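Working notes for the structure below.
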Amino acid sequence: MKSKMKMVAFVATILCIGILIVGIFIMQSKKVKNIDERPVDVSQVTEILLKDIDKSYPPTPKEVLKYYSEITCCFYNSGITQEDLEALAKKSYILYDDELKDNMPYDVYFENLQHDVLDFKSQGIVISGYSTSAATDVEKFTQDGCEWARLYATYRLRQGTEYIYSNEVFIMRKDSNGHWKIYGFDLVKEEEGDTSSEEMVEKE
């Protein structure tokens, strides 16, 4: 349990998922070609923005991660306006644990996000799909009087006709309102093996 908490403390200092993905893209080399994709539906952004998570917060760690991943895919796809980027960023930030917010104030978060989005755009990189852990593969545990959850997401990055996969492990903590919030995230270590993710959701 101590090792889990050490990992949680470490990932809480990470500024945003975009920074991780840039590093992953440089370091990893797994490529897949000729994968059928469908165009991004602009209504996906509208659907995300219309969701009132103050009144209808995702009920499980899996649903929180799915919503977070939907937003992330929108961040890093072409066609998003500055207005939509700002609105989506506010939605994403709500999903963060208060302790993570303390380490990453919103202004810092948004500044880094904008930088990453521009960097992806300049390199022609998009996030074309994602998958998350199945509900049965979400590991829950209790520590220091708090409820925690550990689960995974895999993001597929495309640059031209080349693809790589970014495997991330997320730690969430249940807050005083019973909402699961993202406490931190990190790259999946190779020895962790299969993340038992669900089928890839195509975003482009």
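In this chain, numbering begins with 1 at the start of the sequence shown. Computed from a predicted model, the values in this text were never measured in an experiment.
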Q.
If you count heavy atoms of other groups shown closer than 6.0 angstrom to CD of Glu63, is the number above 12?
A. yes

Q) Can you tell me if Ser166 and Glu168 form a side-chain donor-acceptor pair at under 3.5 Å? A) yes

Q) Does a salt bridge link Glu99 with Lys181, judged by any charged N lying under 4.0 Å from a carboxylate O? A) no

Q) Are Tyr96 and Tyr109 close enough that their ring centers fall under 6.0 Å? A) yes

**Q.** Results of side-chain contact (heavy atoms from CB on, under 4.5 Å) for Asp102 - residues two or more places apart only
**A.** none

Q: Using a 4.5 Å cut-off on heavy atoms from C-beta on, say whether the side chain of Pro61 contacts that of Lys140.
A: yes

Q.
For the aromatic rings, using the six-membered ring if either is Trp, is the centroid distance between Trp180 and Tyr57 under 6.0 Å?
A. no

Q) Do Phe170 and Leu65 have side chains that get closer than 4.5 Å, going by heavy atoms? A) yes

Q) Under 3.5 Å, is there a donor-acceptor pair between the Tyr155 and Ser69 side chains? A) yes

Q: List the atom of Ile48, the atom of Lys91, and the distance in Å for their closest heavy-atom pair.
A: O-CE, 4.0 Å

Q. With no hydrogens and no angle check, do the side chains of Tyr152 and Ser131 hold a donor and an acceptor under 3.5 Å apart?
A. no

Q: Kindly check if the number of other-residue, nucleotide or ligand heavy atoms within 6.0 Å of NZ (Lys90) is above 12?
A: no

